[in-house]
Colleague: 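Input: one structure, supplied below.
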2 protein chains.
Amino acid sequence: MFTVIESPTIAGCCAPLTDAPLDEAQALELAVVLKALADPIRLRIVSLVATAPDREICACDLPAALDRSQPTVSHHLTQLVRAGILVREQRGKWAWFRIAQPQLDALGQILGS
Amino acid sequence: MFTVIESPTIAGCCAPLTDAPLDEAQALELAVVLKALADPIRLRIVSLVATAPDREICACDLPAALDRSQPTVSHHLTQLVRAGILVREQRGKWAWFRIAQPQLDALGQILGS
DNA sequence: TCATCACATCGATATTCATCGATTCGACAC
DNA sequence: GTGTCGAATCGATGAATATCGATGTGATGA
């Protein structure tokens with residue numbers, strides 16, 4: 001029995017903003033992902049992960065790095081994973097996080113850079 | 001006497017997320033812009049403007065197009081202008097809006113697409 | 001089995017924010 | 001001026017959310 005962990009993605013959500021008007025469903029889907037990024041703490045988390053050695057980081061280091069409590073950091077990490085921006089991996093007692101690069105790439109495509 | 005209308009920009013705000021960790025000020029500045037985009041109504045406004053003939057749109061057409069009241073649409077337009085994503089131009093009684101392309105391009109650069 | 005550590009969840013609180021009706025403001029035409 | 005029309009502002013309300021202390025959960029090691 002295989003267990004497939006699906007990571008939510010906006011890859012097929014919509015064309016670049018300049019190509020076609022978004023319908024309500026597409027706008028909602030995109031907004032969910034952008035809202036997950038649109039927070040100073042979560043942006044710092046993403047940039048910390050993206051620039052860490054091996055491009056991964058242990059949750060245990062974040063409360064000190066961000067000057068936030070452990071429950072608050074956990075809350076933000078959950079938001080980022082549910083938006084498909086981070087990927088979580090359990091290693092023993094520790095939780096490690098990586099960037100879900102396809103999701104960020106898709107965002108860039110849609111914003112049309 | 002000249003009147004210089006400054007459009008807020010994140011152009012010099014920060015390097016791509018994958019290049020260096022954001023400090024608190026950079027993260028806050030970026031979050032303000034992303035937060036302005038991270039709403040379904042505002043995303044639809046941006047895509048409507050970006051795909052309109054001549055890439056501009058009259059505010060008068062938006063309440064019907066978005067099924068929101070005039071004050072609500074005005075509120076969202078204000079948010080987008082203050083974030084430097086849209087540019088407002090008054091023509092007689094009407095207000096017209098265009099995309100501030102450099103701001104969107106800068107966003108794409110920072111997200112690293 | 002038991003203590004410990006890392007992290008998630010719960011409960012509460014304060015703040016932010018989307019929304020709309022009513023009102024005000026500004027530009028235009030007469 | 002006066003009336004009209006487009007749009008911003010005000011005030012209120014309900015919903016979403018960032019935060020943290022306390023508690024629960026799951027894995028580790030003795």
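Order of the sequence lines fixes the chain letters, A, B, ..., with proteins taken first and strands second; residue numbering starts at 1 for each chain. A quick note: this is a predicted structure, and the numbers were derived from the prediction, not measured.
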Colleague: Which other residues end up in the same hydrophobic cluster as Trp96(A), if Ile, Leu, Val, Met, Phe, Trp and Tyr are linked when side-chain heavy atoms come under 4.5 Å apart?
Modeller: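 Besides Trp96(A), the cluster holds Trp94(A).
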
Colleague: Do the non-hydrogen side-chain atoms of Thr51(A) and Thr18(B) ever get within less than 4.5 Å of each other?
Modeller: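 Thr51(A) vs Thr18(B): side chains apart.
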
Colleague: Is Leu111(B) reachable from Leu48(A) through a run of hydrophobic residues whose side-chain heavy atoms are each under 4.5 Å from the next?
Modeller: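 In one cluster with Leu48(A): Leu111(B), yes.
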
Colleague: For Cys13(B), check side-chain contact (heavy atoms from CB on, under 4.5 Å) against everything at least two apart and list the hits.
Modeller: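 With neighbours one apart ignored, the set is Ile10(B), Gln26(B), Glu29(B).
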
Colleague: According to disulfide (SG to SG under 2.5 Å), does anything in residues 18-109 of chain A pair up with another residue at least two apart or in another chain? List the pairs.
Modeller: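 Applying disulfide (SG to SG under 2.5 Å) to every pair that reaches into residues 18-109 of chain A, excluding sequence neighbours, yields Cys58(A)-Cys60(A).
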
Colleague: For residues 39-50 of chain A, pull every pair meeting side chain to side chain donor-acceptor pair (under 3.5 Å), keeping only residues two or more places apart or in separate chains.
Modeller: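 Listed by first then second residue: Arg42(A)-His76(A).
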
Colleague: Of the non-hydrogen atoms in Ile110(A) and Ala15(A), which two are nearest, and what is the gap between them?
Modeller: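 Shortest heavy-atom separation between Ile110(A) and Ala15(A) comes out as CG2-O, 4.0 Å.
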
Colleague: Under the side-chain contact (heavy atoms from CB on, under 4.5 Å) test, which residues partner Pro63(A), sequence neighbours left out?
Modeller: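 Listed in chain order: Gln70(A), Val73(A).
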
Colleague: To the nearest 10°, give me the bend of the helix from dT1(C)-dA30(D) to dC30(C)-dG1(D), comparing the axes of its five terminal pairs at either end.
Modeller: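 Taking five pairs per end, the axes differ by 20°.
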
Colleague: Write down the atom of Ala36(A), the atom of Ile85(A), and the distance for their closest heavy-atom approach.
Modeller: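 Smallest interatomic distance, heavy atoms only, reads CB-CD1, 4.0 Å.
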
Colleague: Is it possible for you to say whether Val81(A) and Val32(A) belong to one hydrophobic cluster, with membership spreading through side-chain heavy-atom contacts below 4.5 Å?
Modeller: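 Different hydrophobic clusters.
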
Colleague: Does the side chain of Thr72(B) come within less than 4.5 Å of Ile41(B)'s, by heavy atoms?
Modeller: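 No. Closest side-chain heavy atoms not under 4.5 Å.
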
Colleague: Go through residues 21-33 of chain A and report each residue with a non-hydrogen atom lying under 4.0 Å from DNA chain C, sorted by number.
Modeller: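 Under 4.0 Å from DNA chain C: no residue of residues 21-33 of chain A.
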
Colleague: Identify the 5'-most and 3'-most nucleotides of DNA chain C with at least one atom closer than 4.0 Å to a non-hydrogen atom of chain B.
Modeller: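 Here the contact window of chain B covers dC17(C) to dC28(C).
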
Colleague: How far apart are the closest heavy atoms of Val49(B) and Phe97(B), and which atoms are they?
Modeller: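 Result for this residue pair: CG1-O, 3.5 Å.
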
Colleague: Polar atoms only, N or O, under 3.5 Å: list the protein pairs with nucleotides 18-20 of chain D and their distances.
Modeller:
unit_1: dA18(D); atom_1: OP1; unit_2: Arg42(A); atom_2: NH2; d: 3.4
unit_1: dA18(D); atom_1: OP2; unit_2: Arg42(A); atom_2: NH1; d: 3.3
unit_1: dA18(D); atom_1: OP2; unit_2: His75(A); atom_2: NE2; d: 3.0
unit_1: dT19(D); atom_1: OP1; unit_2: Arg68(A); atom_2: NE; d: 3.1
unit_1: dT19(D); atom_1: OP1; unit_2: Arg68(A); atom_2: NH2; d: 3.4
unit_1: dT19(D); atom_1: OP2; unit_2: His76(A); atom_2: NE2; d: 2.3
unit_1: dC20(D); atom_1: OP2; unit_2: Ser69(A); atom_2: N; d: 3.1
unit_1: dC20(D); atom_1: OP2; unit_2: Ser69(A); atom_2: OG; d: 3.0
unit_1: dC20(D); atom_1: OP2; unit_2: Thr72(A); atom_2: OG1; d: 2.7

Colleague: Summarise protein proximity over nucleotides 24-30 of chain D in one line of letters, 5' to 3': B for base, S for sugar-phosphate only, - for none, counting protein heavy atoms closer than 4.0 Å.
Modeller: ----S--

Colleague: Which residues in residues 52-60 of chain B have at least one heavy atom lying under 4.0 Å from any atom of DNA chain C?
Modeller: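 None - not one residue of the stretch has a heavy atom sitting under 4.0 Å from the strand.
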
Colleague: If every non-hydrogen atom of Leu17(A) is compared with every non-hydrogen atom of Leu22(A), which pair is closest and at what distance?
Modeller: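 Here Leu17(A) and Leu22(A) meet closest at CD2-CD1, 3.7 Å.
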
Colleague: What integer distance in Å separates Arg82(A):CZ from dA16(D):C1'?
Modeller: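 Taking CZ of Arg82(A) and C1' of dA16(D), I get 13 Å after rounding.
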
Colleague: Give me the atom names and distance for the closest heavy-atom approach of Gly84(A) to Ala100(A).
Modeller: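 Gly84(A) and Ala100(A) have their closest heavy atoms at O-CB, 3.2 Å.
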
Colleague: Taking side-chain contact (heavy atoms from CB on, under 4.5 Å) as the definition, give me every residue that meets it alongside Gln90(B), ordered by chain and number, with sequence neighbours left out.
Modeller: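 Residues passing side-chain contact (heavy atoms from CB on, under 4.5 Å) with Gln90(B): Arg88(B), Ala95(B).
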
Colleague: What heavy-atom pair brings Leu37(A) and Leu34(B) nearest, and what distance separates the two atoms?
Modeller: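 Result for this residue pair: O-CD1, 4.0 Å.
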
Colleague: Taking side chain as C-beta onward, heavy atoms only, is Cys14(A) less than 4.5 Å from Leu30(A)?
Modeller: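 In contact.
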
